[in-house]
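One structure below.
This is a predicted model, so every value here is computed, not measured. Computed over heavy atoms, backbone and side chain alike; hydrogens, waters and symmetry mates excluded. Just so it is clear: chains get the letters A, B, ... in the order the sequence lines come, proteins before strands, and each one is counted from 1.
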There are 2 protein chains.
Amino acid sequence: MPVPKGSTIDPERTRAGIIDAAAPLLYERGLDGIGVAELCARVGVSKETVYRYFGTKDGLIQAVLEARSERVTAWIAGAAAAAGDDPREQLAAVFDELQRWYEEPTFRGCAMQNAAAQHQVEAVQAVTARHLDRRLGLLTAIAERAGAADPDALGRQLLLLVEGATLVAAHHDRAGAGHHAKQAALALLPANRPSGRR
Amino acid sequence: MPVPKGSTIDPERTRAGIIDAAAPLLYERGLDGIGVAELCARVGVSKETVYRYFGTKDGLIQAVLEARSERVTAWIAGAAAAAGDDPREQLAAVFDELQRWYEEPTFRGCAMQNAAAQHQVEAVQAVTARHLDRRLGLLTAIAERAGAADPDALGRQLLLLVEGATLVAAHHDRAGAGHHAKQAALALLPANRPSGRR
DNA sequence: CTCAGTTCGTACCGATCAGTTCGATGATGT
DNA sequence: ACATCATCGAACTGATCGGTACGAACTGAG
């Protein structure tokens with residue numbers, strides 16, 4: 001009774017395993033590009049199990065996106081933290097890390113961006129909106145530490161660069177998007193010094 | 001013989017009419033969100049006609065996207081041209097026009113961005129890539145007229161802001177994305193003066 | 001061992017989809 | 001008036017989809 005040690009076969013583990021295995025498939029094939037049947041086969045689980053855990057395909061998609069959002073956010077935050085205390089260095093590290101991502105052969109754009117463009121479903125849009133919220137918070141925090149006159153405005157400008165770079169990398173300039181975004185971000189930093197305006 | 005004056009019922013006109021009528025439906029419902037049957041019914045044309053003109057649903061989609069790309073490019077170029085000769089004013093006018101677009105109730109993101117995220121089909125990706133090419137050319141031209149030290153680099157930075165703003169407007173901050181992008185763009189302009197670097 | 005709950009595999013359901021076919025209809029050019 | 005061709009409308013095909021149902025196999029606890 002102190003701890004039932006999970007029930008039979010650890011539902012928590014099963015659920016997480018399904019999410020982890022389904023995520024890359026949904027990412028590379030698109031949300032509508034793979035059916036539930038093939039998805040289950042590749043994950044190594046029966047349809048009944050999937051439907052009991054997630055209720056519906058959209059439920060699975062939502063869970064996958066939420067997990068991915070948290071993973072990606074932690075990854076970006078980690079890259080910034082590993083760059084030290086200088087906000088300028090942190091920003092540079094974030095865009096360098098993004099560029100490294102763009103050049104991975106499996107890169108197919110941001111999963112949240114793609115999902116929101118594919119599924120007009122309310123729940124999916126909400127996950128993407130929350131994801132952008134988290135990312136904005138992260139960038140605004142850097143803007144604050146950089147001593148920006150208007151950290152909120154600078155944070156939102158940086159968000160445009162990050163999302164724009166990811167989109168352009170996916171569809172137009174995989175090799176240079178992160179680099180140009182980094183240059184722009186670093187140029188915006190001094191432009192937002194307190195003495196700069198008014 | 002001097003000019004056959006078109007054949008019977010003007011195939012050119014019919015084709016253009018199908019494209020014009022199908023475009024908003026594909027835009028608001030998504031490429032996979034509406035079937036060929038309903039599409040034809042709403043357009044007011046039979047499936048046979050559509051398939052004779054475009055061969056396949058993807059063919060129709062490609063034609064719709066190409067038409068839209070040209071229309072949008074001309075629209076943006078017109079907004080810049082109408083703002084006079086000052087590159088700074090042109091840039092401001094472009095982002096103001098974008099912000100006006102974001103606030104239209106029918107705004108659902110950039111059709112090319114959405115299409116590329118939905119259809120991994122080669123032809124669709126190519127249309128989106130060409131679209132971004134045109135847009136980059138337009139922005140680079142403004143950067144050149146602004147006397148940027150590296151017009152290509154500045155053009156690509158501006159492209160990130162335009163695409164980022166459109167994406168963020170669609171999924172996160174419809175009211176402010178264009179405004180923040182404009183501020184960032186105007187801040188990047190002086191930062192790219194020839195005296196600024198090296 | 002026994003019982004209960006989980007999972008699997010497979011078959012099935014109703015709906016929808018892209019694309020084809022075909023006879024009826026209408027307009028065009030001669 | 002006649003022949004031609006685009007178009008329509010509607011039926012049809014074969015495939016795929018999300019979701020459900022069910023018996024068999026497996027797992028764990030008492």
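Residue A:R15 contributes atom CZ, which lies 15 Å from atom P of C:dT6 at whole-angstrom precision. For the pair B:Y53 OH and D:dA6 C1', the interatomic distance rounds to 7 Å; values are reported in whole Å. As rounded to whole Å, 11 Å separates atom P of C:dC17 from atom CG of B:L39. A straight line from CZ of B:R13 to P of D:dT7 spans 14 Å, rounded to a whole angstrom. Here D:dA6 presents its P atom at 13 Å from CD1 of B:I18, a figure rounded to the nearest Å. The distance from atom CG of A:D32 to atom C1' of D:dG18 is 11 Å, rounded to the nearest whole Å. One atom, CD1 of A:I61, and another, P of D:dC17, lie 13 Å apart when rounded to the nearest Å. The distance between atom CZ of B:F54 and atom C1' of C:dA18, rounded to the nearest whole Å, is 16 Å.
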Donor-acceptor pairs under 3.5 Å, side chain of residues 80-93 of chain A to any protein atom, not counting sequence neighbours: which ones?
residue	atom	partner	partner atom	Å
A:D86	OD1	A:R88	N	3.1
A:R88	NH1	A:L186	O	3.4
A:Q90	OE1	A:R145	NH2	2.9
A:Q90	NE2	A:G84	O	2.8

Run the side-chain donor-acceptor check on residues 103-113 of chain A: report pairs under 3.5 Å with partners two or more places apart or on a different chain.
residue	atom	partner	partner atom	Å
A:E103	OE2	A:Q99	NE2	3.0
A:Q113	NE2	A:E163	O	3.3
A:Q113	NE2	A:E163	OE1	2.8

What pairs of donor and acceptor atoms, side-chain ones from residues 63-71 of chain A against any protein atom, are under 3.5 angstrom apart with sequence neighbours left out?
residue	atom	partner	partner atom	Å
A:E66	OE2	A:R130	NH2	2.7
A:S69	OG	A:H131	ND1	2.9
A:S69	OG	A:R134	NH1	2.4

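Residues of residues 44-51 of chain A having a heavy atom closer than 4.0 Å to DNA chain C, listed by number: A:G44, A:V45, A:S46, A:E48, A:T49. Against DNA chain C, the stretch residues 114-128 of chain B makes no heavy-atom approach under 4.0 Å.
Residue A:T14 places no side-chain N or O under 4.0 Å from the OP1 or OP2 atom of C:dT6.
Side chains of A:T56 and A:Y51: no donor on one and acceptor on the other come within 3.5 Å.
Every residue two or more places apart in sequence or in another chain was checked for a side chain to side chain donor-acceptor pair (under 3.5 Å) with B:T128, and none qualifies. In this structure, B:R15 has no side chain to side chain donor-acceptor pair (under 3.5 Å) partners at least two apart in sequence or on a different chain. Judged as a side chain to side chain donor-acceptor pair (under 3.5 Å), and not counting sequence neighbours, the contacts of A:K182 are A:D96. The ring pair (Phe, Tyr, Trp, His ring centres under 6.0 Å) check on B:Y27 picks up nothing, with sequence neighbours excluded.
Residues A:P151 and A:T140 share a closest heavy-atom pair of O-CG2, 3.7 Å.
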So which protein N/O to nucleotides 14-16 of chain C N/O distances come out below 3.5 Å?
none

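Residue pairs that meet the side-chain hydrogen bond (donor to acceptor under 3.5 Å, both in side chains) test with at least one member in residues 30-46 of chain A, sequence neighbours left out, are A:R29-A:E38, A:E38-A:R42, A:S46-A:T49. Pairs engaging residues 45-55 of chain A under the salt bridge (Lys or Arg N to Asp or Glu O under 4.0 Å) rule: none recorded [sequence neighbours left out].
When each of A:R52 and B:K57 is assigned the nucleotide of DNA chain C bearing its nearest heavy atom, the one mapping closer to the 5' terminus is A:R52.
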